[in-house]
Amino acid sequence: MNNITSEQILELRRQVLNKEFHKMNDRQREAVFSVNGPLLILAGAGSGKTTVLVNRIANIIKYGNAYGSRTVPGALSDEELSAVREYIDHDTALPQQVVDRLSVDPCLPWQILAITFTNKAAGELKNRLINMLGEAGNDIWASTFHSTCARMLRRDGEKLGYSSHFTIYDTDDSRRMMKECQKALDIDDKLLSCKSILSAISHAKDSMVLPEEFMKQAGSDNRLCLIAKAYKLYQTRLREADAMDFDDLICNAVLLLEKNQDVLDHYQNKFHYVMVDEYQDTNHAQYMLVKLLAQKSGNLCVVGDDDQSIYKFRGATIENILSFESTFPNTKVIRLEQNYRSTKNILNAANAVIENNAQRKGKTLWTNNKTGEQISVHTAFSEQDEADFIAKKVLSGVAEGRKYSDYAILYRMNSQSNILEKIFVKSGIPYRIIGGQRFYERKEIKDMIAYLSVINNPNDEIRLRRIINQPKRSIGDKTVAQATEIAAGLGESVFEVIRHADQYEPLKRTAPKLLQFAAIMQELIDASNDENTSLNELYHLILDKTDYIASLYTSENDDPQDRIDNINELASNLIKYEEENGKETSLAGFLEEVSLITDIDNFDEHSDSVVMMTIHSAKGLEFPVVFLPGFEDGIFPGMQAIYNPVEIEEERRLAYVAITRAKEELYIVNAESRMIFGSTSRNKPSRFIEEIPEELVERSRSREWKKPQPGTSLPTSAFEARAITMESARSFGPSSLIHSEPPVAQFKAGDCVSHKTFGKGMVLSASPMGNDTLLEIAFDKVGTKKLMANFARLQRA
DNA sequence: TGAGCATAGTTTTTT
DNA sequence: ACTATGCTCA
């Protein structure tokens, strides 16, 4: 034995920990070592918050709260001591046994809960944890709010009256359900739309207001009373259908914990540490959930950036993060202000813009990165010209060695993608659009999911209705309404009624059709219960029995091939799911995964194409070059925000998010006039542009207004491939990647050419543009023209 | 029951 | 401009 003091051992331990996490900056390391008690990490854009989260979890699992602890580890043997010194001085591996020695109150992987908002973020977290901790990383609960809650509710939902295989309704299902309720309550959709009712309900659920409470709060307000009634009926119907909507997942999970001490105990004892990412986006219900789970251990760490709160319209309350310190006494606050992503210019611009907001914690990002280019503010004369400008910048950038995937175009609203898409197709620039029409929102996909859902849960009335006449089976609304009524009268499920349709007088006429449908469904249900039928086989059985694909040919006048492709795509998703989950597969499991999935999850960053998406979807992503089109008052900030200071702040945060996505170059573009909602309007440049200090900006504008001329603009005629290309870019998965062939440079500067109408001339410059080459040619007779090589039919001269 | 026409409303949407 | 929705009529 050696004779080092316990003080020295504590010091050694600190050195080991500093060494282990040496890659991080001081602030980050402080966050990693602040293990116990409430912790608020204010993490600016690009400040490495995921890294901090991952390392903090790793630290907790390996060393517990060793860094700050005064607990003296037992004496170290000489051997262990030298291992420690070797590690500190020479970076040799530290044996597990020594790690264990140095740790204080470490915890097991499954005692840690890390909650994110997106599947993508959860997946990334999980991946990085597994990279760092090996298989142990797998046991950490790292998942989204919704799937965490779903998991809890599958386990104990019975206590609230749900079965373990309840269905999760998406917005479309909810809407159908609400329409039903409106009908039953005789609420005219024109006076009170299902949309507004649902949004009121959603807000109620976000703030944990149950139907009874809502009714009370409504008082004598007529409108609110109607909504309260609809809310109540809607919940009853959901319960009957054994279904929950997205908000219910959170809300019910909270109720479950509040009402069942044993369940609460279970989770409070299980989770020693709770961490929440993107805390600025949480709503009240989510706050409740987190609070309940972390109450006992007190070890709650939230990470967020109040400046990036852009989901108020969905119920996120920025107050959660602003008041965290007062809600959780003795909170430690750590600011991560060093940015590793952007150039100084970009960061300074972002800082300058966000400074105009009053409601914020206050934080100034800085960076050691280089100053970089000035920010380009370009004024185009139309939205056409704006798209042209962007396409040209991309092409010239690619000609100089950038990849297409270095570029992102972020806009305020999805409709802005249309012109960009057209121009990009014309110029042969490969691109992908994220968002807009989503894969799982396509009609045919929703139909197939509905079939699977009904097989999984025949009580799922909304989805049963969706497919009962899809493909057409001559079962109309009237019949369905009858059956529903009978079912309600008998207290049975609609499916039961349909199955015995011949026994009910009102259904006599359509009974054969109903029975036939029920028989098909029964057959499919039997097949799904059969161990030997794989999900993929079941899926094909559905297509087979329902003749769904054939029905596409007859019922649709547009090309059904797209839809068939989508159906096949879903089949491959099923197969993928089966492969990934081995023997753990179940129909319910697949449906759960599907119901919680979104498009952004499928954003494949390895494909070489320009990516376009809304600023909202871009949160959390980064790109070397970012274009921000439509920076105009009325678009960004939007019309409705202009006279509302609170809304303006939200829009400004959105602008902040947009600017901070850029790593190296940032182009802000506005157009003097643009077509919007069918009419042309002239918008002032966005006020956010004026908020960027002039010295950071380099302004440019397109030449004076002229009708775009062939030769100066990109070719206007459509290529054959256009429709196909546009469609496949919109679709889904890696199969939709477009690779354009490298441009063939037929002509180079200095070549002498002759043109049919312009006569002889000399090529001044040749710049590749997608599939084509833009040539600048000095003609002897007509002066200098710009022409596309493929277009101009030039002859060598 | 389904086709065809008129009408309204179009911000964002991690789940 | 565009499209999703609802309503009417055959």
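The structure presented is a predicted model; accordingly, all values stated were derived computationally and were not measured. Chain letters run A, B, ... following the sequence lines, proteins first, then strands; residues in each count from 1.
Distance A/M413 CE to C/dC2 P: 15 Å, rounded to the nearest Å. Taking atom CD1 of A/I434 as the reference point, atom C1' of B/dT13 lies 15 Å away to the nearest angstrom. Between the P atom of B/dT11 and the CD1 atom of A/I676 lies a distance of 9 Å, rounded to the nearest Å. A straight line from CD of A/Q182 to C1' of C/dG6 spans 14 Å, rounded to a whole angstrom. A/I250 places its CD1 atom 19 Å from the P atom of B/dT13, with the value rounded to the nearest Å. Counting to the nearest Å, the C1' atom of C/dT3 and the CG atom of A/N418 are 11 Å from each other. Here the P atom of nucleotide B/dT11 and the CG atom of A/N644 are 16 Å apart, to the nearest Å. A/F636 places its CZ atom 15 Å from the P atom of B/dT11, with the value rounded to the nearest Å.
When each of A/L249 and A/K195 is assigned the nucleotide of DNA chain B with its nearest heavy atom, A/K195 is the one assigned upstream, toward the 5' end. Mapping A/T479 and A/R412 onto DNA chain B by nearest heavy atom places A/T479 closer to the 5' end of the strand.
Using a 4.0 Å heavy-atom cutoff across all strands shown, A/N469 reaches sugar-phosphate atoms only and no base atom. Across all strands, A/Q286 comes closer than 4.0 Å to no nucleic acid atom at all (heavy-atom distances). Note on A/Q640: a base of the nucleic acid sits closer than 4.0 angstrom, heavy atoms only. Backbone-only contact: A/K179 has heavy atoms under 4.0 Å from sugar-phosphate atoms and none from a base. Using a 4.0 Å heavy-atom criterion, one finds that A/R175 contacts the sugar-phosphate atoms exclusively. Contact annotation for A/M639: no contact, since no heavy-atom pair falls under 4.0 Å across all strands. Among the protein residues, A/Y311 comes within range of the nucleic acid bases, having at least one heavy atom under 4.0 Å from a base atom.
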Do A/I676 and A/I635 pass the side-chain contact (heavy atoms from CB on, under 4.5 Å) test, and can you show the C-alpha distance, the side-chain angles, and the key distance before you say yes or no? CA-CA 9 Å; A/I676 187 150; A/I635 296 199; 3.8 Å; yes
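Remark: of the listed residues A/F117, A/Y411, A/Y311, A/Y311 is the sole one forming a ring-ring contact (aromatic ring centres under 6.0 Å, His included) with A/H616.
The distance from atom CZ of A/R674 to atom CG of A/D385, rounded to the nearest 0.5 Å, is 10.5 Å.
Applying the 5.5 angstrom centroid cut-off and the 30 degree plane-angle cut-off, the aromatic ring of A/F313 is not stacked upon the base of B/dT13.
Salt bridge A/E278/A/K49: present, at least one basic N to carboxylate O contact under 4.0 Å. With respect to A/R360 and A/D307, a salt bridge is recorded, a charged nitrogen being found less than 4.0 Å from a carboxylate O.
Taking the P atoms as reference points, C/dT5 lies 15 Å from B/dT12, given to the whole Å.
Comparing atom distances between the A/M675 side chain and each of B/dT13, C/dA1, B/dT11 picks out C/dA1 as nearest.
Dashed line: the shortest gap from a side-chain N or O of A/S617 to OP1 or OP2 of B/dT12 is not under 4.0 Å.
Cation-pi check for A/R652 over A/F688 is not met; the charged atom does not lie both under 6.0 angstrom from the ring centroid and within 45 degrees of its normal.
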